[in-house]
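Below, chain A is the first sequence line, B the second, and so on; all start at residue 1. Just so it is clear, the structure is predicted and the values come from calculations on it, not from any experiment.
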Amino acid sequence: MSATPHDTVGRDTTGDAIPGGYRIHMMLCAGTDCAGRGSYRVKEALEREITRHGLSHEVAIGMSGCRGHCGQGPVMVVNPGEIVYQGLSEHDVPRLVQEHVLQGRPLQERVHTLPPQTGTVPLISEIGFFGKQRLLVLRNRGIIDPEVIDDYIVRDGYRALSTALSTMTPEEVIQELIASGLRGRGGGGFPTGIKWKTCREAPGHPKYIVCNADEGDPGAYMDRTIIECDPHAVLEGMAIAGYAIGARKGYVYIRNEYPLARECLEKAIADAREYGLLGENIFDRGFDFEVSIHRGAGAFVCGESSALMASMEGRPGEPRAKYIHTVEHGLWDRPTNLNNVETYANVPPIILRGAQWFTSIGTGDVSENPWGGSKGTKVFSLVGKVHNTGLVEVPMGITLREIVFDIGGGIPKGKKFKAVQTGGPSGGVIPEELLDLPVDFDQLTRVGSMMGSGGMIVMDETDCMVDIARYFIDFLIGESCGKCLPCREGLTQISTLLNDICNGEADEHTITLLEELSNTVKECSLCALGGSAPNPVLSTLRYFRDEYEAHVREKRCPAGVCKALITYSIDPARCTGCTLCARNCPQDAISGENKKPHSIAVDLCIKCGICRDVCPHDAVIVH
Amino acid sequence: MKQPLANQVYDTPLDEIMDRWKRDSSYLIEMLQDVQEHYRHIPEEAARRLSEELDVPLNRVFHIATFYKGFTLEPRGKYPIAVCTGTACHVKGGSRILENVMRELGVEREGQATQDLLFSVESVRCLGCCGLAPVVTVAGEVHGDTSTVKTLKIVEELRKHAQSS
């Protein structure tokens, strides 16, 4: 498919005049990852250096939302020319200003380079990581300053809301959404338009709009990034939903672990209110809409609709039986429309550019049946054992191979790909033989995983699949609300069985029991948390049964992870006797003379792995 | 456990917190979050007073305070250490860091503080900066691409700093 100018990455500022009469525009990433790597320190250093050269009137320095290239931060894009710098530190600043600003040539050693080295400085669209992406939801990432509402407005911000209010009836908005085939991005994949229609038609007033930003899946941070790089897109989507459904009040339920996103959203709400884009009589069309924020308190189960609403009412977040739908009896027992952050962010482009345009991207046919395909794009957090960790937005139907190898750049340290895990604790693993699977809601479900909210964790040969299953089950034990028995007790028993396997205390029978119990928990749990909880076990059993069997039959962990089944030793051929391991060993289990190969006393070793972490020569080996 | 801080609970912070949320019991979770932030845990006296003032059964306050992971009933350390055990961090050794740091600081269970109350160690399920994995936060500051050894170095520095001041 050909990319139109609107959604080609980074098309925006090349050749365009830089606003404010500046000669050079530098945008540093302010996302949590880059900030953690010191992007604000780089910004301050740049400002000092630019001022020192008396160039403040020529060079503008700003912060942008996340560009998604999180593994290489801090990232900075400089215009004109869309030059991408990565891995910057404040020490690079004097040379960067000298080269780029004064001499007019990029500072080569910090420019993103293409493997294999081509010697040229690539544009964003030439970098594999960016090139295969298609940005709808993240259309403004790295281009606008998320804290400046005017930046959003300049890029057609709030025009979809104005179009909806002035030229469309609420029913027409809903019809457009149904025709677009947009399905819930929080994981369920329920058609958004149908949900809106049900909520609009449900009796009871007032109605509420809720945005689920309680991003609980470990290894996923799409929603945080969307809010941090384009908060107004979410607010605009919510306001359009309010108009379509007949609600005047919206809430964003956001994780307390995301302070930066919350601040960003608070500012966006205040600014939108000041501009009259939220509040009373928006665009003089007699439509009122307010948004406020609710902080979560740390409970994965609150991603479930009825639990989330219980939590918003100030109660423990325990789900209730599913036959009462929250679209009819939700918050305060009123009809409530709950969508995920990414779903709302998809709404403005659909209204502006039409359902037909949206259905041109993605898989299947939704003209008759809204479940007939997966349209649009999906944002994934591509993390784990992959070169380019970060946030990517790809058209539905792209293959896993393209995501992991073309965008992600493959597996680091020459290791072998083993599996990719999608769908968080409710999802499953997908093995190498299915790498050419087109990614959409139905295909992922078919192979025993699920789309989920968009976490995509790449694993290599050193990751033990039994350990991964145990990891997710233990996660879910901690997060199970405890209301229904299959989930509360069943998961604990599954964990016991998995522990037995990892500790080498299991037999063939354990695997059978594990399978049976998993199916029982899946069938009998009250809500989706319990119903999908055994998925990590069932999918690892489906594709990596041999690994389970190695643990059981040979008492061996092929990936070298399960502590009871491994031993650490030092390869004398590689050890240089630098003594680093011996000095860091908490058990004093490593001995040896300076500059001579060391050895580990197996009886003292507690297998903490510190020696392996610190060894500069990869001489510590695990059997 | 002996009840510390009883007098402190009755001074203004709690009233301020309740007023901030208009003494509306539907904001109980928000209030508890502010209490947690202020006292670094939910003191029993604070829970009792919230129950009385907002006319909410005490068992519901405790149900909430123990249901959500963000609340603790025992004080966290001055410098709380949170080791991310999200999936990306797990595959890059986060769970091992948690185990090692707990062992080295003599902390037996998650959420517990060291004897000098300087540090407490707990796991957190994904901080949402998976590109930095493995991640540890110490007193709210994010440390990416970390390891057991790097984390223990930060602990040592903070301990020295605390002893000298």
Please classify the contact between [X] and chain B as side chain, backbone, both or neither, with a heavy-atom cut-off of under 4.5 Å.
X: A:Ala220; value: backbone
X: A:Leu580; value: neither
X: A:Ile606; value: side chain
X: A:Val561; value: neither
X: A:Met312; value: backbone
X: A:Gln72; value: neither
X: A:Cys481; value: both
X: A:Asp33; value: both
X: A:Arg255; value: side chain

- Message: Under a 3.5 Å distance rule, please check whether B:Tyr68 uses its side chain to pair with a backbone N or O of A:Gly296 as donor and acceptor.
- Response: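 Side chain of B:Tyr68 to backbone of A:Gly296: no pair is present.
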
- Query: Are the side chain of A:Tyr471 and the backbone of B:Val91 linked by a donor-acceptor contact shorter than 3.5 Å?
  - Reply: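 Not at all, since once roles are kept as given, no pair shorter than 3.5 Å links the two residues.
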
Select, from [options], the one with the greatest count of heavy-atom pairs under 4.5 Å involving chain B.
options: A:Ala261, A:Pro259, A:Gly314; result: A:Gly314
options: A:Thr225, A:Thr462, A:Asp217, A:Asp467; result: A:Asp467
options: A:Gln421, A:Lys607, A:Lys563, A:Glu215; result: A:Lys563
options: A:Ile457, A:Thr389, A:Asn584, A:Asp460; result: A:Ile457
options: A:Ala35, A:Ser311, A:Gly216; result: A:Ser311
options: A:Ser381, A:Pro218, A:Ala297; result: A:Ala297

- Message: Name the residue from B:Thr66, B:Ile29, B:Ile64 that meets the side-chain contact (heavy atoms from CB on, under 4.5 Å) definition with A:Pro316.
- Response: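 Between A:Pro316 and the candidates, side-chain contact (heavy atoms from CB on, under 4.5 Å) is satisfied uniquely by B:Ile64.
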
- Item | Test side-chain contact (heavy atoms from CB on, under 4.5 Å) applied to A:Cys608 and B:Glu104, B:Arg103, B:Glu99, the passing residue |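 Only one of B:Glu104, B:Arg103, B:Glu99 forms a side-chain contact (heavy atoms from CB on, under 4.5 Å) with A:Cys608, namely B:Arg103.
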
Interface residue of largest heavy-atom contact number with chain A, from [options], under 4.5 Å:
options: B:Leu28, B:Asp24, B:Leu132; value: B:Leu132
options: B:Gly93, B:Ser25, B:Ser26; value: B:Ser26
options: B:Cys129, B:Cys84, B:Gly144; value: B:Cys129
options: B:His63, B:Met31, B:Gln33; value: B:Gln33
options: B:Arg125, B:Lys69, B:Glu141; value: B:Arg125

- Residues B:Asp34 and A:Arg295 bridged, charged N to O under 4.0 Å: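 Judged by the 4.0 Å cut-off on N to carboxylate O distance, B:Asp34 and A:Arg295 do form a salt bridge.
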
- Message: Can you confirm whether B:Asp55 is buried at CG, in the sense that more than 12 heavy atoms of other residues, nucleotides or ligands lie under 6.0 Å from that atom?
- Response: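 No, CG of B:Asp55 has 12 or fewer neighbouring heavy atoms, counting only those of other groups under 6.0 Å.
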
- Verify the neighbour count for atom CD of B:Glu108: are there more than 12 heavy atoms of other residues, nucleotides or ligands below 6.0 Å?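 For B:Glu108, atom CD is not crowded (no more than 12 foreign heavy atoms under 6.0 Å).
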
- Shortest non-hydrogen contact from B:Gly131 toward A:Cys70: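 Looking at all heavy atoms of both residues, the shortest contact is CA-CB, 4.1 Å.
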
- Would you give the length of the straight line joining atom CG of B:Asn100 to atom CD1 of A:Ile610, rounded to the nearest 0.5 angstrom?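 Taking CG in B:Asn100 and CD1 in A:Ile610, the distance rounds to 4.5 Å.
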
- If you measure from CZ on A:Arg224 to SG on B:Cys130, what distance do you get to the nearest 0.5 Å?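 Answer rounded to 0.5 Å: 8.0 Å.
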
Less than 4.5 Å apart, side chain to side chain, heavy atoms only: is that true for [X] and [Y]?
X: B:Phe67; Y: A:Glu318; result: yes
X: B:Thr87; Y: A:Phe472; result: yes
X: B:Glu30; Y: A:His294; result: yes
X: A:Ile468; Y: B:His90; result: yes

- Task: Can you tell which part of B:Asp145 gets under 4.5 Å to a heavy atom of chain A, answering side chain, backbone, both or neither?
- Result: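 Looking at B:Asp145, just its side chain touches chain A.
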
